[in-house]
Amino acid sequence: MKIVACIKQVPDTEAEIKWDIPKGTLKRDGMDPITNPFDEFALEEALLTRENYDGDIIAISMGPEKANDVLRNALALTVNEVYRLTDDAFAGSDTYATAYVLAAAIKKIGDVDVVFCGKQSTDGNTGVVGAELAAILGYSQLTYVSKVRQFDAANKKVVVERAIEGGIEVVEAKLPAVISVIKGINEPRLPNLMGIRKASKIEIPAWNADDLGVDKSKLGYQSASTKVVEIAVPPPRGAGEILKGEIDDIANAITDKLIELKVIK
Amino acid sequence: MANDVWVYIEHKDGEFSPMSFELLGIGKGLADGLGSNVCAFVIGENIENITKEAFAYGASKVYTVEGSVFKGFRADAYAKASSFLLDKHKPEIALFRATSQGTDVSAASAANLGFGLCTDCIGLNVDGGQIKMTRAAFGGNYTITVVNEKAKPQIVTVRPKAFAMPEKDASKQGEIVKEAFSISEDDLNTKVLEFIKSEVTVNLVEADIIVSGGRGVGSDEGFKVLKELADILGGAVGASRAAVDSEWIPYEHQVGQTGKTVKPKIYIACGISGAIQHLAGMRTSDCIVAINKDPDAPIFKNATFGIVGDYKQLVPKIIEKFKTKLNR
Ligand SMILES: Cc1cc2nc3c(=O)[nH]c(=O)nc-3n(C[C@H](O)[C@H](O)[C@H](O)COP(=O)(O)OP(=O)(O)OC[C@H]3O[C@@H](n4cnc5c(N)ncnc54)[C@H](O)[C@@H]3O)c2cc1C
């Protein structure tokens with residue numbers, strides 16, 4: 001099987017965030033990058049799929065130079081090939097443009113059976129790139145996947161479990177498919193030393209807009225249909241009231257206060 | 001009208017809840033600001049009841065696509081029908097709930113139409129004829145306000161319960177616009193084999209009351225006490241990542257940046273320190289009660305009511321008081 005994993009480098013949420021205010025985009029350089037936590041599950045699922053069904057894994061990441069770190073981590077985990085998608089024209093892309101570029105890379109890779117991505121990124125937080133990617137490619141759209149039951153590569157089919165509101169939906173889908181995975185689908189492994197050493201020597205190839213044959217007018221900050229006009233720090237909720245006294249008094253007071261809200265039916 | 005506000009009505013095999021219609025409330029507000037109408041659009045197999053209900057919740061028109069191929073929700077089928085409707089009528093904006101179904105349909109529709117979309121909005125208003133959309137970004141540490149200058153319709157998902165439910169008036173009626181759109185089974189990629197209902201009866205995202213536990217709860221036994229409190233209040237049980245990682249409770253209960261985003265009316269946090277990533281998932285709750293042993297825990301800075309103490313002593317007492325006061 002030909003397996004693609006889409007991974008993204010995100011700033012560590014512990015770190016201080018810098019916004020490029022006029023553009024309303026994150027200044028991604030100068031921040032400590034980590035692999036988007038959800039994408040670690042995507043990468044692991046790709047590795048498990050290769051173990052069970054054979055094939056090659058190609059990891060792709062769209063982003064600046066720093067994105068090489070997450071691709072190198074993927075190499076250390078023994079994925080077969082990696083590509084960084086980068087072009088000045090990509091800067092400030094919205095979700096559609098991002099999915100469009102990723103889709104172009106997947107078409108260039110060719111004959112792909114399955115694309116794994118994380119449910120959402122922890123920086124942009126939109127959680128829609130997987131679904132958009134599937135729509136653009138015309139692949140099966142499998143989101144919120146908590147378990148891959150079985151691939152049937154010969155008949156080009158896959159059965160997955162989707163964790164949605166109220167339960168688990170079991171879906172059979174045609175391949176190729178885009179599978180976006182949630183936390184808990186697996187236990188991501190860590191690279192070993194040999195893997196890290198090997199990966200450190202590999203040159204990471206980059207694909208730009210021309211390599212991908214994408215239409216630049218659909219890309220980047222100039223064409224993004226959503227524009228940020230204001231960035232604010234939400235007002236702190238403000239510390240409220242601390243209830244003091246004996247346990248019995250506190251329990252009395254808090255139950256009164258909550259009943260007063262008239263929310264409890 | 002060309003600048004109408006459309007609201008996608010989600011349902012599952014014709015089953016719906018009042019929450020399916022919640023966005024007709026804010027939709028009406030936006031339509032008033034734009035001088036247009038709020039309309040609903042419904043895709044499905046048997047949707048007559050839903051259509052009726054949409055009028056009761058304030059839709060002035062309901063656009064429908066009906067057919068047996070739409071039996072049971074499937075993202076590709078519904079997104080194709082939704083893209084068709086949106087492309088044909090080009091309303092100003094289309095609102096979807098930020099649920100799994102709303103996200104699947106809106107994202108694929110936006111991609112089919114070649115637009116970006118704004119997701120999980122918590123604020124929407126019309127300013128000088130332009131719709132401004134506010135969402136939390138980066139772990140809830142910032143809010144960003146976005147305008148969409150190019151897309152028509154603008155496609156938006158809205159956080160469940162971010163806006164008030166519209167009033168219901170069963171006597172209201174309106175115009176139904178039935179659109180013919182069909183796809184053959186061969187053009188669809190997916191088939192639902194079965195649905196395994198979760199034992200968790202209350203849906204975290206829809207719950208009005210959530211009793212949540214963290215590392216401080218100490219064990220799965222501890223969660224039983226929280227569950228008892230949640231049951232008395234008709235609420236759901238939530239958890240921090242530390243509690244989920246300790247395997248005291250399954251991941252579907254996790255609240256926070258890498259879990260669910262919730263906005264209940266009451267959120268009771270027991271033994272949760274209040275890390276940024278946890279706050280990201282619950283800070284917009286109406287009333288937050290924090291129970292924590294450590295008076296310096298950051299959760300207290302965000303709590304409406306704080307109680308410094310051991311949950312093991314407090315929660316059973318609180319259960320006892322509720323039982324008496326609520327006659328349960
Ligand atoms: C990328 C990333 C994503 C993350 N996503 C999430 C997420 O989605 N959700 C999430 O919750 N976290 C998330 N985290 C983890 C987060 O940073 C915290 O580690 C986590 O929320 C801590 O959980 P906690 O408050 O239960 O535990 P702790 O921080 O250990 O706090 C336990 C608290 O319990 C109190 N306590 C102990 N015993 C008692 C008692 N008997 N009675 C009362 N109080 C008691 C203690 O005083 C303490 O304040 C994420 C982290 C990262 C890096």
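Labels below follow one simple rule: chain letters A, B, ... track the order of the sequence lines, proteins then strands, and each chain is numbered from 1. Because the structure is a prediction, the values reported are computed rather than measured.
The most heavy-atom pairs under 4.5 Å with chain A, out of B:T134, B:T324, B:I318, come from B:I318. Per-residue counts of heavy-atom pairs under 4.5 Å with chain A were compared for B:V315, B:N148, B:L326; the largest is that of B:N148. The candidate with the highest count of non-hydrogen atom pairs below 4.5 Å against chain A, out of B:I266, B:N112, B:L314, B:V289, is B:I266. In terms of heavy-atom pairs under 4.5 angstrom with chain B, the leader among A:E132, A:E169, A:K183, A:K174 is A:K183. With chain B as partner, the option from A:D94, A:I259, A:L142 having the largest number of non-hydrogen pairs under 4.5 angstrom is A:I259. Ranking B:T99, B:I319, B:D208 against chain A, the residue ahead of the rest is B:T99, based on heavy-atom pairs under 4.5 Å. Chosen from A:A131, A:A135, A:A232, the residue pairing most often with chain B at heavy-atom distances under 4.5 Å is A:A232. Residue with the most contacts toward chain A among B:A108, B:A111, B:G259: B:A111 (heavy-atom pairs, distance under 4.5 Å). Of all the listed residues (A:A173, A:A134, A:S140), the one sharing the greatest number of non-hydrogen pairs under 4.5 Å with chain B is A:S140. The residue among A:S146, A:G167, A:G138, A:A177 with the most heavy atom pairs within less than 4.5 Å of chain B is A:G167. Interface summary for chain A: among B:D76, B:L188, B:I232, the most heavy-atom pairs under 4.5 angstrom belong to B:L188.
At a threshold of 4.5 Å between non-hydrogen side-chain atoms, the residues B:N189 and A:Y139 do not count as touching. In this structure, the side chains of A:I182 and B:E252 stay at 4.5 Å or more apart for every pair of heavy atoms. Contact annotation: the side chain of A:L258 approaches that of B:I268 to within less than 4.5 Å [non-hydrogen atoms, C-beta and beyond]. Residues A:V171 and B:L193 form no side-chain contact, since every pair of their non-hydrogen atoms from C-beta on lies 4.5 Å or further apart. Annotation: side chain of B:T145 is not in contact with side chain of A:V228 (no heavy-atom distance under 4.5 Å). Considering only heavy atoms from C-beta on, B:I144 stays 4.5 Å or farther from A:E230 through its side chain. A heavy-atom distance below 4.5 Å is not found between the side chains of A:Y96 and B:L117. Side-chain contact between A:V229 and B:V146 is absent, with no heavy-atom pair separated by less than 4.5 Å.
Proximity of a side-chain donor or acceptor of B:K325 to a complementary backbone N or O of A:N252 within less than 3.5 Å is detected.
Counting heavy-atom neighbours within 6.0 Å of B:E15 CD, excluding the residue itself, gives a total of 12 or less. No more than 12 heavy-atom neighbours from other residues, nucleotides or ligands sit within 6.0 angstrom of NZ on B:K191.
Interface remark: A:I250 contributes side-chain atoms only to the contact with chain B (heavy atom separation under 4.5 Å). Only the side chain of A:K257 comes within less than 4.5 Å of a heavy atom in chain B; its backbone stays farther off. Neither the backbone nor the side chain of B:D120 comes within less than 4.5 Å of any heavy atom in chain A. Both the backbone and the side chain of B:V192 come within contact range of chain A, each with at least one heavy atom under 4.5 Å from a heavy atom of that chain. Interface remark: B:D127 contributes no atoms to any contact with chain A (heavy atom separation under 4.5 Å). For B:T284, the part sitting under 4.5 Å from any heavy atom of chain A is the backbone (N, CA, C, O) and nothing else. With a 4.5 Å cut-off on non-hydrogen atoms, A:V159 touches chain B through its side chain but not through its backbone. Residue B:R74: no heavy atom, backbone or side chain, is found under 4.5 Å from chain A. Only the side chain of B:Q254 comes within less than 4.5 Å of a heavy atom in chain A; its backbone stays farther off. Looking at B:I299, there are no atoms closer than 4.5 Å to chain A (heavy atoms on both sides), in backbone or side chain. Contacts between B:D286 and chain A at a heavy-atom distance below 4.5 Å involve the backbone alone (N, CA, C, O). Both the backbone and the side chain of B:F300 come within contact range of chain A, with heavy atoms under 4.5 Å apart. With a 4.5 angstrom heavy-atom cutoff, A:E161 does not touch chain B via any of its atoms. Only the backbone of B:A303 comes within contact range of chain A, judged by heavy atoms closer than 4.5 Å.
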Apply the test side chain to side chain donor-acceptor pair (under 3.5 Å) to residues A:E241 and B:T304: give CA-CA distance (whole Å), side-chain angles for both, the deciding distance (0.1 Å), then the verdict.
CA-CA 6 Å; A:E241 186 186 342; B:T304 323; over 6 Å; no

Where do B:I307 and A:I242 land on the side-chain contact (heavy atoms from CB on, under 4.5 Å) test, with the steps shown first?
CA-CA 6 Å; B:I307 304 172; A:I242 298 281; over 6 Å; no

side-chain contact (heavy atoms from CB on, under 4.5 Å) evaluation trace for A:I168 with B:F195:
CA-CA 6 Å; A:I168 301 284; B:F195 187 71; 5.9 Å; no

Report the C-alpha separation of A:T143 and B:Q101 in whole Å, then their side-chain angles, then the decisive distance to 0.1 Å, and conclude whether the side-chain contact (heavy atoms from CB on, under 4.5 Å) test is met.
CA-CA 10 Å; A:T143 51; B:Q101 182 177 135; over 6 Å; no

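Here the closest heavy-atom approach between residue B:G116 and residue A:T95 is recorded as CA-OG1, 4.0 Å. Residues A:G127 and B:T103 approach most closely at O-CG2, 3.8 Å, considering heavy atoms. Looking at every heavy atom in both residues, A:I264 comes nearest to B:F322 through CD1-CE2, 3.7 Å.
To the nearest 0.5 angstrom, A:E165 atom CD is 8.0 Å from B:R97 atom CZ. Taking NZ of B:K323 as the reference point, atom OG1 of A:T255 lies at 13.5 Å (rounded to 0.5 Å).
Residues B:K321 and A:D256 are not paired through a salt bridge, judged by the lack of any N-O separation under 4.0 Å between the basic side chain and the carboxylate.
Judged purely by distance below 3.5 Å, without hydrogens or angles, the side chains of A:Q141 and B:T190 never pair a donor atom with an acceptor atom.
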